[in-house]
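Working notes for the structure below.
In each ligand, atom 1 is the first atom listed, and ligand 1 is the first ligand listed.
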Amino acid sequence: MTKIFEDDLNASFGTRAIHAGQRPDPLSGAIMTPIYQTSTYVQEGLGFNKGYEYARGKNPTREALERNVAALEGAKYGFAFSSGMGALDSIMKLFKAGDHFVVGENVYGGTFRLFDKILRNFGMEFTYVDTRDPQRIEDELRTGRGTAAVLIETPTNPLMRLTDIRAAAEAAHNAGALLIVDNTFATPYFQRPFEMGADIVWHSTTKYLNGHSDMVGGIALVNDDDLATRLQFILNASGAVPGPMDAWLVLRGTKTLHLRMERHDQNGRVIAKWLVDLVGDENVFYPGLASHPQHEIALRQMSGFGGMISVETGSRERAAQVLERVRVFSLAESLGGVESLISHPASMTHASVEEARRLGLGISEGLIRLSCGVEDVGDLIADLDRAFA
Ligand code: PLP
């Protein structure tokens, strides 16, 4: 399993982003980690090898990525996967039939689909609650043969609702449960859940960590040695690992994470304010706005808010008009790339959630989601101005 280089933790965030987990190639001195495009490794004799046997278990490019992101999150161990969902699927294999989970009701549609359509059939039990109120988590925690874990996503996709990570960790730990946090939207640049008590943090690296919309991947981070040993076993046994090229693409992306996140955040703040003037603050969901009902939690646990904004336009027709008129924003699934994207959660990211449940969660037909990229903000606003006209 991949453990961080301890001395990487001496550097501050931007330096870690560029260097953590990476050392000049011992063969050539190449400054960039090579793409070890291999399935197997030659062994010197029976029982003698350089620590690498078969690439499902271990690959040096993947290890560099795992060390890099672990250092950014402030974790001891990293495990890279072939998608965010692959990461979560392997995390869930730490548990067993009969285990109970308290889950934020606003989690990403794919997370809900994995739990509701697959893992429920394997005997796992899920209770969905509005985790904006930590008391709701406490109310659903079972002791005895109790709750195994609390799973939260903060901010949520797409409504940008927040959960107080410290309060969730305290509630989970008091009941003997783990806290698992999807940190995809905030990234470790703006939010570090381990510092607030999380036990497992995971990401869709497809999003901000890669940042260039050119691969699909995931990663899980842990601090606990026993969890790390078990996760490495699952990673190798289940095999949802990324290829070395994809691992390298994320590693290249994380080198500019701090720079990109600053610009996503600047653009996000400007565009959120512009949208408030257009449609009113009750229709703009962005934790950086003073009008966000949980702005105070945002200030406490996030150091910035990024480029994700959702807007209630009022109707499917109005949403369609905006989505079809944009020219700089592109109508597409996904988020977190340098280019700006726009999407319709009801028919895209949350299409797998039944209509009644989706509407109950506030994901209406009129809701659109913006992933503000790092283009010039004037061009993005001009584009939205044209689209909303
Ligand atoms: N978590 C969040 C918050 C997401 O937005 C997504 C994908 O959109 C995922 C997890 C799943 O990641 P992937 O698409 O890499 O499997």
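- Closest to atom 4 (C) of ligand 1, if we only count protein heavy atoms, is Y108 CG, 3.8 Å.
- Of the protein's non-hydrogen atoms, D182 OD2, 3.4 Å is the one closest to atom 3 (C) of ligand 1.
- Distances between N or O atoms of V216 and those of ligand 1 include no value under 3.5 Å.
- Set against the non-hydrogen atoms of G84, the atoms of ligand 1 under 4.0 Å away are 12 (O), 13 (P), 15 (O), 16 (O).
- Here's the thing with M85: one of its N/O atoms is less than 3.5 angstrom from an N/O atom of ligand 1.
- At a 4.0 Å heavy-atom cut-off, ligand 1 does not touch F81 at all.
- Under a cut-off of 6.0 angstrom, the local environment of NZ in K117 is crowded, with over 12 non-hydrogen atoms contributed by other residues, nucleotides or ligands.
- Looking only at protein heavy atoms, the nearest one to atom 14 (O) of ligand 1 is K207 NZ, 3.5 Å.
- A donor-acceptor pair shorter than 3.5 Å cannot be found between the side chains of E44 and N49.
- Less than 4.0 angstrom separates some heavy atom of S83 from each of these atoms of ligand 1: 15 (O), 16 (O).
- Taking every non-hydrogen atom of T184 and a distance limit under 4.0 Å, the qualifying atoms of ligand 1 come out as 1 (N), 3 (C).
- Heavy-atom neighbours of R252 CZ from other residues, nucleotides or ligands within 6.0 Å: at or below the threshold of 12.
- Summarising the local packing, CD of E170 is surrounded by 12 or fewer heavy atoms from other residues, nucleotides or ligands at distances under 6.0 Å.
- No heavy atom of T349 sits closer than 4.0 Å to any atom of ligand 1.
- What sits closest to atom 5 (O) of ligand 1 on the protein, heavy atoms only, is N157 ND2, 3.0 Å.
- For the residue pair E339 and S330, no side-chain donor N or O sits within less than 3.5 Å of a side-chain acceptor on the partner.
- Between R386 and D379 no salt bridge is recorded (no basic side-chain N to carboxylate O distance below 4.0 Å).
- Note on ring orientation: taking the six-membered ring where Trp is involved, the planes of F126 and F115 are parallel (angle under 30°, cut-offs 30° and 60°).
- Distances between N or O atoms of T111 and those of ligand 1 include no value under 3.5 Å.
- Residue E153 has no N or O atom closer than 3.5 Å to an N or O atom of ligand 1.
- At least one heavy atom of G217 sits less than 4.0 Å from an atom of ligand 1.
- Looking at I271, L275, D277, L278 one by one, the single match for side-chain contact (heavy atoms from CB on, under 4.5 Å) with V284 turns out to be L275.
- Salt bridge annotation for D8-R23: present, with a cationic side-chain nitrogen under 4.0 angstrom from a carboxylate oxygen.
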